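Just so you know, these numbers come straight off a predicted model, no measurement behind them.
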Number of protein chains: 2
Amino acid sequence: MPDAPPPSLDPVQLGAYFTLIEVTSLLRHAVEQQLREAGNLSYVQFQLLARLGDSPTGSHRMTDLADGVVYSRSGLTYQAGLLEKAGLVVRAPSPDDERSVTVTITDAGRALLAEVLPGHIEVVSGLLFEPLSPADVRALAALLAPVRDHIRAAPPRSAASRRRQAQ
Amino acid sequence: MPDAPPPSLDPVQLGAYFTLIEVTSLLRHAVEQQLREAGNLSYVQFQLLARLGDSPTGSHRMTDLADGVVYSRSGLTYQAGLLEKAGLVVRAPSPDDERSVTVTITDAGRALLAEVLPGHIEVVSGLLFEPLSPADVRALAALLAPVRDHIRAAPPRSAASRRRQAQ
DNA sequence: GCAGCGACGTTCGAATTCGAAGCAGTAGGC
DNA sequence: GCCTACTGCTTCGAATTCGAACGTCGCTGC
């Protein structure tokens with residue numbers, strides 16, 4: 001390709017982009033406070049517990065967790081260490097693959113999750129959903145889902161060079 | 001109030017909420033890489049420069065910047081220090097209020113912003129807007145704007161206690 | 001089998017982040 | 001004019017975050 005067409009965003013796009021970032025920043029900030037007060041959890045920790053609690057088996061591999069919450073591997077190691085020290089999860093080598101580590105939520109983890117969840121939901125309800133009608137929420141979900149799939153599918157920018165580095 | 005009505009989110013709401021968080025996490029991650037490569041800027045730094053560049057005067061007060069990008073004051077002090085050391089902004093005491101500090105973008109700051117912006121826009125276009133039609137984008141903006149206003153208007157959860165801390 | 005390549009998780013060091021405490025400067029009541 | 005409360009920013013210490021380097025394990029071709 002010669003060069004990209006004048007890469008600019010029209011005002012509507014810019015507004016949507018900025019508002020998206022702003023809304024999530026604000027929401028995340030508020031939620032973080034609530035989680036800290038209610039259960040001394042950081043947002044990442046909550047996300048991890050929530051994902052584990054949602055899983056049928058109550059467990060996930062480290063890498064899948066990191067990917068799921070968009071976190072660095074080393075960061076996840078650190079957080080998993082904290083959660084384990086707090087007795088909220090357990091780490092064990094995978095049975096089938098000796099390399100990978102399986103993280104499993106404990107009963108204490110589920111209990112804490114259950115304790116924190118109502119307040120969390122209340123905050124999200126009050127801030128994010130309060131100004132939105134049920135139809136709005138459906139529309140929002142319908143708009144964002146394809147975006148998520150698209151970004152997930154997109155090669156992570158650095159992969160391009162990696163894939164064809166061997167010419 | 002006796003107690004809140006069963007605070008639960010229906011599956012659609014949950015999906016919308018999770019997708020919202022996921023999309024912005026992914027987007028932010030991708031953008032962060034691009035900014036790092038293109039101009040050695042963190043996302044916060046870019047946001048700050050962008051806000052300053054957008055301002056008619058090219059400047060803002062520290063507090064307003066921190067509020068705008070949803071950042072802690074101390075964090076902003078740190079970042080402003082970095083940007084100033086890099087010659088991208090200048091800090092000066094406000095003329096009218098001796099307490100506050102006015103941050104102003106320099107020509108070098110504008111130049112860097114201009115240099116980084118096309119790539120930034122390209123990433124956002126390719127990831128966020130690629131799966132969305134112009135109508136979708138309008139809808140998204142229309143959905144999120146009220147949410148932003150609502151959250152901005154909401155009392156910051158901790159303000160209640162601060163206001164009445166003196167008994 | 002075994003050499004080489006790739007995936008998984010951890011360790012390490014450096015940079016960033018936040019809240020609490022502190023230091024001015026400002027506004028209002030008297 | 002002062003005293004008190006409040007705002008604006010910075011400093012400080014502790015916690016978190018990431019990428020790079022590392023050790024280990026699994027998979028392929030031979």
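- Between B:Lys85 atom NZ and C:dT16 atom C1' the separation is 13 Å, expressed in whole Å.
- Backbone-only contact: A:Ser100 has heavy atoms under 4.0 Å from sugar-phosphate atoms and none from a base.
- Contact detail for B:Pro131 and A:Val147: the closest heavy-atom pair is CG-CA, 3.9 Å.
- Atom CD of A:Glu84 and atom OG1 of A:Thr77 lie 11.0 Å apart (nearest 0.5 Å).
- Rounded to a whole Å, the CD atom of B:Gln33 is 18 Å from the P atom of D:dT17.
- Note on A:Arg36: nothing from the nucleic acid sits closer than 4.0 angstrom, heavy atoms only.
- Note: OH (A:Tyr43) to P (D:dT16) measures 18 Å, nearest angstrom.
- Closest to the side chain of B:Ser74, out of D:dC18, D:dG26, C:dG19, is C:dG19.
- Nearest nucleotide to the side chain of B:Gln79, out of C:dT17, D:dC12, C:dT26: C:dT17.
- Put simply, the side chain of A:Ser72 and the base of D:dG19 share no donor and acceptor less than 3.5 Å apart.
- Residues A:Arg61 and B:Val44 both approach DNA chain C. Their nearest nucleotides, taken by heavy-atom distance, put A:Arg61 toward the 5′ side.
- Residue contacts shown for A:Tyr78 include a base, since a base heavy atom lies under 4.0 Å away.
- The separation between B:Glu98 atom CD and C:dC23 atom P is 19 Å, rounded to whole Å.
- Map A:Leu82 and A:Asp96 each onto its nearest nucleotide of DNA chain D; the residue landing nearer the 5' end is A:Leu82.
- Rounded to whole angstrom, the span from the CG atom of B:Leu41 across to the P atom of C:dA15 amounts to 17 Å.
- Comparing A:Arg99 and A:Thr77 along DNA chain C, the residue whose closest nucleotide (by nearest heavy atom) sits nearer the 5' end is A:Arg99.
- Two residues, A:Arg73 and B:Asp64, neighbour DNA chain D, and the one matched to the more 5' nucleotide by heavy-atom proximity is B:Asp64.
- Rounding to whole angstrom units, CG of residue A:Leu76 and C1' of D:dG19 are separated by 15 Å.
- Summarising the geometry, the separation between CG on A:Asn40 and P on C:dC18 is reported as 17 Å, rounded to the nearest angstrom.
- Nearest approach of B:Phe129 to A:Gln13, heavy atoms of both residues: CZ-O, 3.2 Å.
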Run the side chain to side chain contact (heavy atoms under 4.5 Å, CB included) test on B:Leu144 and A:Leu140 for me, step by step, so that the C-alpha distance in whole Å, both residues' side-chain angles and the decisive distance to 0.1 Å come before the verdict.
CA-CA 9 Å; B:Leu144 291 178; A:Leu140 184 62; 4.2 Å; yes
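- Here B:Leu65 lies out of heavy-atom contact (under 4.0 Å) with every strand.
- Spacing between atom NE2 of A:His29 and atom C1' of C:dT17 amounts to 11 Å, rounded to whole angstrom units.
- Going from atom CZ of A:Arg148 over to atom OG1 of B:Thr19 covers 4.5 Å, rounded to the nearest 0.5 Å.
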